[in-house]
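So the structure is just underneath, and the comments pick up after that.
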Amino acid sequence: MRIDAISIFPEYFGVLDISLLGKAQTKKLIAFEAHDLRNYTHDKHRTVDDSPYGGGAGMLMKPEPWGEALDSVLSDAGEATVIFTSPAGEVFNQKMARELATEKHLIFACGRYEGIDQRVVDYAASKSNVRVISMGDYVLNGGEVAAIAMIEAIARLLPGVIGNAESLVEESHSDGLLEYPSFTKPPSWRGFDVPEVLLSGNHAAIAQWRKQQQIERTKRVRPDLLD
């Protein structure tokens, strides 16, 4: 999979060079590149923002540098999906991560300030597939953190990225429920004991216990998922 990110802070994405995603790039399972939006400006101040028409607080990102940046990344890419990170978008979830993991090329457009001129989204939609996606019902200073979280959630689903693929099946949201609680050695720690069923060796009983724990945890923490 090819992944590009456009941002005024491309250095944010250095974290993707470590751990499993770094190894995935080394093995060429993922091709990632971060692009500096300011490289597509043409004034000495490398300006990427201006005041919004109609008034209002804050500054808005200008369409011109975004247009050139998208043209550059899309020009040799073939079909791609451009993802605009925005609190005004559809909320990201595991189902969406699985959908996006089937794409060949993802481009993350990371806004700042009060966002990006709407015409950039409309222009991108005329050239490619577009998704406007939010990480949740809160606001971040910019789209980089959201993009990194999405990239990790998506890329770990690609074949070969996670060493033990079975772990993807049992984790939270894989079946619509939260993951069951997990325990390791020692069997007793500071007065807290591992549930006896996990020490029994009875795999059927363990599977039943884990499923019940999933249901109870989901009911307690995220009852909306059960709906």
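Numbers here are sequence positions counted from 1.
- Tyr123 is not connected to Val130 by any chain of hydrophobic side-chain contacts under 4.5 Å among Ile, Leu, Val, Met, Phe, Trp and Tyr, and they are in different clusters.
- Shown here for Pro187 and Leu199, the closest heavy-atom pair between the two residues is CB-CD1, 4.4 Å.
- Between the CG atom in Asn93 and the CZ atom in Arg98 there is a gap of 8.0 Å [rounded to 0.5 Å].
- Considering CZ of Arg222 and CG of Leu178, their distance stands at 6.5 Å, rounded to 0.5 Å.
- Contact annotation: the side chain of Arg46 approaches that of Asp36 to within less than 4.5 Å [non-hydrogen atoms, C-beta and beyond].
- In this structure, the side chains of Asn202 and Val197 stay at 4.5 Å or more apart for every pair of heavy atoms.
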For residues 132-151, which side-chain donor-acceptor pairs fall under 3.5 Å, sequence neighbours excluded?
unit_1 : atom_1 : unit_2 : atom_2 : d
Ser134 : OG     : Gly136 : N      : 3.0
Ser134 : OG     : Gly136 : O      : 2.8
Glu144 : OE1    : Arg112 : NE     : 3.1
Glu144 : OE1    : Arg112 : NH2    : 2.8
Glu144 : OE2    : Ser7   : OG     : 2.6

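- The NZ atom of Lys219 sits 14.0 Å away from atom CG of Asp224, with the distance rounded to the nearest 0.5 Å.
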- [ ] Decide yes or no on side-chain contact (heavy atoms from CB on, under 4.5 Å) for Leu60 and Asp49, but give the supporting numbers first.
- [x] CA-CA 5 Å; Leu60 201 64; Asp49 62 312; over 6 Å; no
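- Counting heavy atoms from C-beta on, the side chains of Val73 and His105 come closer than 4.5 Å.
- Both Ile8 and Phe32 are part of a single hydrophobic cluster, where members link through side-chain heavy atoms under 4.5 Å apart.
- With respect to the salt-bridge test (charged N to carboxylate O, under 4.0 angstrom), the residues Glu90 and Arg131 qualify.
- Here CG of Leu225 is found 12.5 Å from CD1 of Ile215. Values are rounded to the nearest 0.5 Å.
- His42 and Glu64 share no side-chain donor-acceptor pair at under 3.5 Å.
- For the pair Leu70/Ile6, a side-chain contact is recorded, criterion being any heavy-atom separation below 4.5 Å from C-beta on.
- The environment of CD in Glu196 is sparse: at most 12 heavy-atom neighbours from other residues, nucleotides or ligands sit within 6.0 Å.
- Connection of Leu226 to Val91 is not established within any shared hydrophobic cluster, with ILVMFWY side chains joined at heavy-atom distances below 4.5 Å, either directly or through further cluster members.
- Using a 4.5 Å heavy-atom cutoff, the side chains of Glu68 and Leu37 are not in contact.
- Checked by atom type and distance alone, the side chain of Gln25 pairs as donor or acceptor with a backbone atom of Leu16 at under 3.5 Å.
- Here Ile107 contributes atom CD1 and Ile83 contributes atom CD1; the two are 9.5 Å apart, rounded to the nearest 0.5 Å.
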Just list the side-chain donor-acceptor pairs under 3.5 Å for residues 113-122, sequence neighbours left out, or say none.
unit_1 : atom_1 : unit_2 : atom_2 : d
Asp117 : OD1    : Arg119 : N      : 2.8
Asp117 : OD1    : Arg119 : NE     : 3.0
Asp117 : OD2    : Arg119 : NE     : 3.4
Asp117 : OD2    : Arg119 : NH2    : 2.7
Gln118 : NE2    : Asp122 : OD1    : 3.0

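- Shown here for Leu157 and Ala101, the closest heavy-atom pair between the two residues is CB-CB, 4.0 Å.
- A continuous path of Ile, Leu, Val, Met, Phe, Trp and Tyr side chains, each step under 4.5 Å between heavy atoms, connects Ile3 with Met96, placing both in one hydrophobic cluster.
- Ser19 places no side-chain N or O within 3.5 Å of a backbone atom of Leu21 that could act as its donor or acceptor partner.
- Within the 3.5 Å criterion, the main-chain N or O of Arg38 finds a donor-acceptor partner in the side chain of Thr41.
- Other residues, nucleotides and ligands contribute only 12 or fewer heavy atoms inside 6.0 Å of the CD atom of Glu152.
- For the pair Asp4 and His35, the tightest heavy-atom approach, listed with the atom from each and the gap, is OD1-NE2, 2.7 Å.
- Contact detail for Ser200 and Ile206: the closest heavy-atom pair is OG-CG1, 4.4 Å.
- Gln212 and Glu216 share a side-chain donor-acceptor pair at under 3.5 Å.
- Side chains of Leu100 and Phe92 form a contact here, defined as non-hydrogen atoms less than 4.5 Å apart.
- Under the 4.5 Å side-chain criterion, counting only non-hydrogen atoms from C-beta, Leu158 is in contact with Met1.
- Note that CD of Gln213 is 8.0 Å distant from CZ of Arg220, once rounded to the nearest 0.5 Å.
- Listed for the Ser128 side chain is no donor-acceptor partner under 3.5 Å among the backbone atoms of Ala125.
- The nearest pair of heavy atoms linking Thr47 to Pro65 is O-CG, 4.5 Å.
- Counting only heavy atoms from C-beta outward, the side chains of Leu198 and Arg210 approach each other to under 4.5 Å.
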